[in-house]
Amino acid sequence: AAGRMAGGFTSPNPSSFTVYVDVNEPDRVRRQGVPRAAVAGGLIAVTMLLALAFNSSAPQPASLAATESHTSQKVQRMEAEYAHRETIYSVIHKATGHLGQDAKVLAQNLAFSTKPVLAGATKQQLAADCARSATYGKILGHFTELQTNLTDDKAYREKLDKDLKVASDDAYDAWIDQESTYREAASKKKTAEEAATFASGEFEKYKTAVATAEQKIQDDILPTEAEKQSLITQKAIVGTITELIKGMNTAATSTEKAARLAEVKVDIAQLETQKVSKGSKTNLAKLKKMTSNLAAVSADTITQALEILADLEAEMSNRITEITTAADNANTELNGAKAEKMKWEIKVVETSNTADKARADMQSADLKRQNLNGIYTVRKKNYEDLHASFDVDIAQYTSELAAVGTILGKVNEIVAACKAA
């Protein structure tokens with residue numbers, strides 16, 4: 001009865017195989033010939049005895065190397081002969097295991113016969129052989145079945161080795177491709193994290209800039225706003241005084257001049273209540289002296305007064321412009337810092353999201369890479385484990401098929417002769 005090997009092929013001798021099953025590769029098969037173990041032990045024992053026998057002759061040193069080489073060659077020839085005989089015994093056992101003793105003896109005699117089976121056979125001998133044609137037919141059938149099974153097993157063994165190699169190579173290619181994908185993802189993650197760090201740094205920089213600009217406005221600009229408003233008021237009063245003094249040149253009567261002078265005095269008094277600069281105070285004192293009474297007012301004093309008033313107005317205008325410019329610059333700086341802060345605040349969110357996605361992509365690629373590496377490691381080991389015995393297995397199949405072919409040739413020769421008789 002024939003056993004069934006993994007993969008669906010029939011093996012005529014189930015006891016000659018040990019089947020290893022892996023969770024990833026259930027079709028892995030390692031062929032082990034059970035009878036060969038005993039024969040191998042016998043070969044070793046015979047070899048050791050031969051070596052002792054040859055060494056006991058104690059050859060002269062000059063011929064020691066040649067003797068050892070000759071001994072080694074003899075041992076190798078004997079080992080080959082025993083291996084050949086073991087193969088023949090193996091195929092006979094496989095083919096005739098369920099046949100009678102007569103068929104077993106016939107098969108063994110045919111297998112070890114060194115002469116053509118019908119060489120010198122008489123008619124009586126041929127007739128005797130032909131009388132056993134039924135037995136020869138059984139032998140022929142069983143050896144033909146064995147030949148088919150061995151051929152299928154050999155083909156399957158070759159295919160299995162090739163398939164496992166392809167699976168290992170494919171797994172390697174997939175792993176290497178994923179390794180490349182992982183490295184690319186890792187590079188993108190690094191770039192994204194650097195961008196996020198940079199954006200965070202820029203945001204913090206402009207956040208500080210906004211705080212600094214706001215503090216500057218609080219400390220330097222806002223206090224000058226009151227000064228600016230006071231200067232605007234002072235400038236308006238100076239303008240009024242200027243117009244009054246200019247009108248004194250064209251006044252028709254002394255009464256009209258006196259009225260204008262009285263208004264000038266009121267306006268000067270109002271200016272003195274304002275917070276003015278040291279230089280403005282000096283000019284105001286001069287102006288006050290010039291307009292203290294009508295008798296002091298002359299064409300020259302009017303001209304001098306107008307010059308003083310022009311200087312006051314220019315000083316106030318310059319200070320107003322200075323305060324306005326400083327405030328404008330401070331607000332421009334603050335608004336610019338706020339715009340940059342907002343821009344980088346948005347970029348912080350965007351780059352952080354990009355970095356999170358890049359990290360997730362890299363982790364996913366890493367998990368897939370590790371998984372594919374694990375698959376490759378398993379498939380590589382499966383192939384290497386099975387391939388380690390490939391040459392031995394194929395050589396054994398080839399040897400057994402040769403032995404079976406020899407026996408079939410002899411049996412066919414007898415069967416054909418009997419049919420022709």
Side-chain angles (χ1 to χ4, degrees), residues 205-343 345:
K205 181 175 76 173
Y206 286 106
K207 179 180 177 183
T208 300
V210 167
T212 300
E214 288 176 339
Q215 191 63 44
K216 181 179 179 181
I217 290 175
Q218 186 70 30
D219 296 340
D220 300 337
I221 304 303
L222 292 182
T224 63
E225 185 61 29
E227 180 187 357
K228 178 181 175 181
Q229 296 303 321
S230 176
L231 287 169
I232 292 172
T233 300
Q234 293 172 32
K235 183 180 176 184
I237 295 172
V238 168
T240 300
I241 295 173
T242 299
E243 292 301 319
L244 287 171
I245 291 177
K246 283 180 179 181
M248 291 177 73
N249 277 328
T250 59
T253 65
S254 59
T255 302
E256 187 179 347
K257 287 182 179 180
R260 285 179 176 275
L261 184 60
E263 289 183 34
V264 169
K265 288 180 178 180
V266 171
D267 289 337
I268 290 174
Q270 187 179 358
L271 275 177
E272 287 178 329
T273 64
Q274 300 290 320
K275 184 177 181 181
V276 296
S277 66
K278 185 177 181 181
S280 294
K281 285 182 179 181
T282 301
N283 285 328
L284 279 175
K286 291 179 182 179
L287 185 62
K288 184 176 181 181
K289 185 177 180 181
M290 290 177 182
T291 58
S292 59
N293 55 68
L294 189 59
V297 176
S298 64
D300 290 338
T301 56
I302 289 173
T303 301
Q304 291 176 6
L306 290 174
E307 290 176 356
I308 292 173
L309 289 168
D311 289 341
L312 282 171
E313 186 176 11
E315 182 183 352
M316 292 173 182
S317 294
N318 290 338
R319 180 57 181 156
I320 290 170
T321 300
E322 182 182 336
I323 292 172
T324 301
T325 300
D328 289 345
N329 290 340
N331 285 314
T332 299
E333 182 181 350
L334 175 59
N335 291 334
K338 284 182 176 180
E340 288 295 317
K341 176 188 173 186
M342 181 176 293
K343 179 182 79 173
E345 187 173 12

From [X] [atom1] over to [Y] [atom2], what is the distance, rounded to the nearest 0.5 angstrom?
X      : Y      : atom1 : atom2 : answer
Thr240 : Leu271 : OG1   : CG    : 9.5 Å
Gln215 : Asp220 : CD    : CG    : 9.0 Å
Ile320 : Glu315 : CD1   : CD    : 11.0 Å
Glu307 : Asn283 : CD    : CG    : 11.0 Å
Asn329 : Glu333 : CG    : CD    : 8.5 Å

Among residues at least two apart in sequence or on other chains, which ones pass side chain to side chain donor-acceptor pair (under 3.5 Å) with [X]?
X      : value
Thr212 : none
Gln274 : Ser230
Lys228 : Thr324
Gln229 : Glu225

Go through the structure and list residues passing salt bridge (Lys or Arg N to Asp or Glu O under 4.0 Å) with [X], not counting sequence neighbours.
X      : result
Glu345 : none
Lys205 : Glu202
Glu272 : Lys288

According to side chain to side chain contact (heavy atoms under 4.5 Å, CB included), who are the partners of [X], at least two apart in sequence or on a separate chain?
X      : value
Leu306 : Thr242, Ile245, Lys246, Ile302, Leu309
Thr273 : Gln270
Thr282 : Lys286
Gln304 : Met290

**Report entry** Gln234 and Leu231: CA distance, side-chain angles, deciding distance, side chain to side chain contact (heavy atoms under 4.5 Å, CB included) verdict
**Finding:** CA-CA 5 Å; Gln234 293 172 32; Leu231 287 169; 3.9 Å; yes

Query raised in the report: With side chains defined as the heavy atoms from C-beta onward, is the minimum distance between Ile221 and Asn331 less than 4.5 Å?
Result: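 Contact flag for Ile221/Asn331 side chains = no.
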
Heavy-atom closest contact ([X] atom, [Y] atom, distance):
X      : Y      : result
Met248 : Lys257 : O-CE, 3.2 Å
Val210 : Lys338 : CG2-N, 3.5 Å
Leu287 : Ala305 : CD1-CB, 3.5 Å

Requested in this report: Using the side chain to side chain contact (heavy atoms under 4.5 Å, CB included) rule, pick out the option among Ile268, Asp267, Val266 that qualifies with Val264.
Outcome: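 Per the side chain to side chain contact (heavy atoms under 4.5 Å, CB included) rule, the option paired with Val264 is Ile268, out of Ile268, Asp267, Val266.
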
**Report entry** Summary of salt bridge (Lys or Arg N to Asp or Glu O under 4.0 Å) pairs that have at least one residue in residues 317-329, sequence neighbours excluded
**Finding:**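 Those involving residues 317-329 are Glu227-Arg319, Arg319-Glu322.
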
